[in-house]
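Read through the structure below, which is laid out as structure tokens, and then see the notes.
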Amino acid sequence: MDFGEAINQLKLGKKLARKGWNGKGMFIYYVPSAKYKAMTNIAKSIADENGMVQYNSYMAIKNVDGTISTWVASVNDTLSEDWMVVE
């Protein structure tokens with residue numbers, strides 16, 4: 001599938017990966033906008049009256065070592081057609 005369809009699948013709650021990725025267990029997923037409890041002094045300085053900080057939606061990646069990071073597609077990612085849904 002191409003990247004446009006990959007975005008649609010992400011927004012439906014699917015996990016995706018590229019066939020060309022060689023890291024075992026890696027996938028990306030969509031995180032919708034929400035709020036989180038302020039934990040740092042900076043976050044507390046911008047938090048709402050309930051101590052919550054609003055964040056925008058983003059894409060995240062599960063890395064090989066099990067950690068999660070924010071993810072931004074490269075030009076190669078956006079032009080590839082080897083995206084697949086991960087079960």
Side-chain angles (χ1 to χ4, degrees):
M1 91 181 65
D2 66 21
F3 192 63
E5 181 56 28
I7 294 291
N8 290 333
Q9 293 296 311
L10 288 169
K11 287 183 175 181
L12 292 173
K14 306 288 184 171
K15 301 184 291 188
L16 279 93
R18 288 193 51 204
K19 290 179 185 173
W21 285 353
N22 57 6
K24 289 189 177 191
M26 290 176 60
F27 60 83
I28 62 170
Y29 61 99
Y30 174 76
V31 179
S33 63
K35 293 183 177 186
Y36 69 92
K37 182 173 171 47
M39 302 297 288
T40 66
N41 287 335
I42 294 172
K44 289 174 184 175
S45 75
I46 60 172
D48 65 17
E49 63 278 355
N50 297 315
M52 303 296 284
V53 177
Q54 178 74 44
Y55 64 87
N56 291 324
S57 56
Y58 62 92
M59 289 182 283
I61 187 168
K62 184 207 165 265
N63 300 301
V64 175
D65 64 0
T67 61
I68 304 297
S69 301
T70 56
W71 182 80
V72 177
S74 70
V75 172
N76 288 340
D77 291 326
T78 60
L79 297 176
S80 70
E81 296 184 1
D82 66 346
W83 287 98
M84 60 184 184
V85 173
V86 176
E87 298 301 324

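Sequential numbering from 1 along the given sequence is applied to the chain's residues. For the numbers below, each heavy atom of this structure counts, side chains included, while hydrogens, waters and symmetry mates do not. Since the model is a prediction, treat every value here as computed from it, not as a measurement.
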State which residues pass side chain to side chain donor-acceptor pair (under 3.5 Å) with [X]; sequence neighbours excluded, sorted by chain then number.
X   : result
D2  : none
N50 : none
W71 : none
S69 : N63

Tracing side-chain links under 4.5 Å among I, L, V, M, F, W and Y, which residues wind up in one group with M84?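 M84 clusters with nothing; isolated.
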Kindly give the cluster partners of I42, where membership spreads through any ILVMFWY side chain lying under 4.5 Å from a current member.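 Direct or chained contacts put I42 with none.
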Taking only residues two or more places apart in sequence or in another chain, which ones pass ring-ring contact (aromatic ring centres under 6.0 Å, His included) with Y36?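 Partners of Y36 under the ring-ring contact (aromatic ring centres under 6.0 Å, His included) test: none.
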Cluster question for you: counting only ILVMFWY and a side-chain heavy-atom cut-off of under 4.5 Å, with indirect links fine, are [X] and [Y] together?
X   : Y   : value
I68 : V31 : yes
M39 : V53 : no
F3  : V75 : no

Under 3.5 Å, side-chain donor or acceptor atoms of residues 6-16 against the rest of the protein: list the pairs with distances, not counting sequence neighbours.
from: Q9; atom 1: NE2; to: E5; atom 2: OE2; distance (Å): 2.8

Output every pair passing salt bridge (Lys or Arg N to Asp or Glu O under 4.0 Å) with a member in residues 60-84, not counting sequence neighbours, ordered by first then second residue.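 Residue pairs with at least one partner in residues 60-84: R18-D77, R18-D82.
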Summary of salt bridge (Lys or Arg N to Asp or Glu O under 4.0 Å) pairs that have at least one residue in residues 29-44, sequence neighbours excluded: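 Every pair satisfying salt bridge (Lys or Arg N to Asp or Glu O under 4.0 Å) with a residue in residues 29-44: K35-D48.
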Any idea which heavy atoms bring A47 and A38 closest together, and the distance?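 Shortest heavy-atom contact: CB-CB, 4.1 Å.
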Side-chain donor-acceptor pairs under 3.5 Å in residues 19-29, sequence neighbours left out?
none

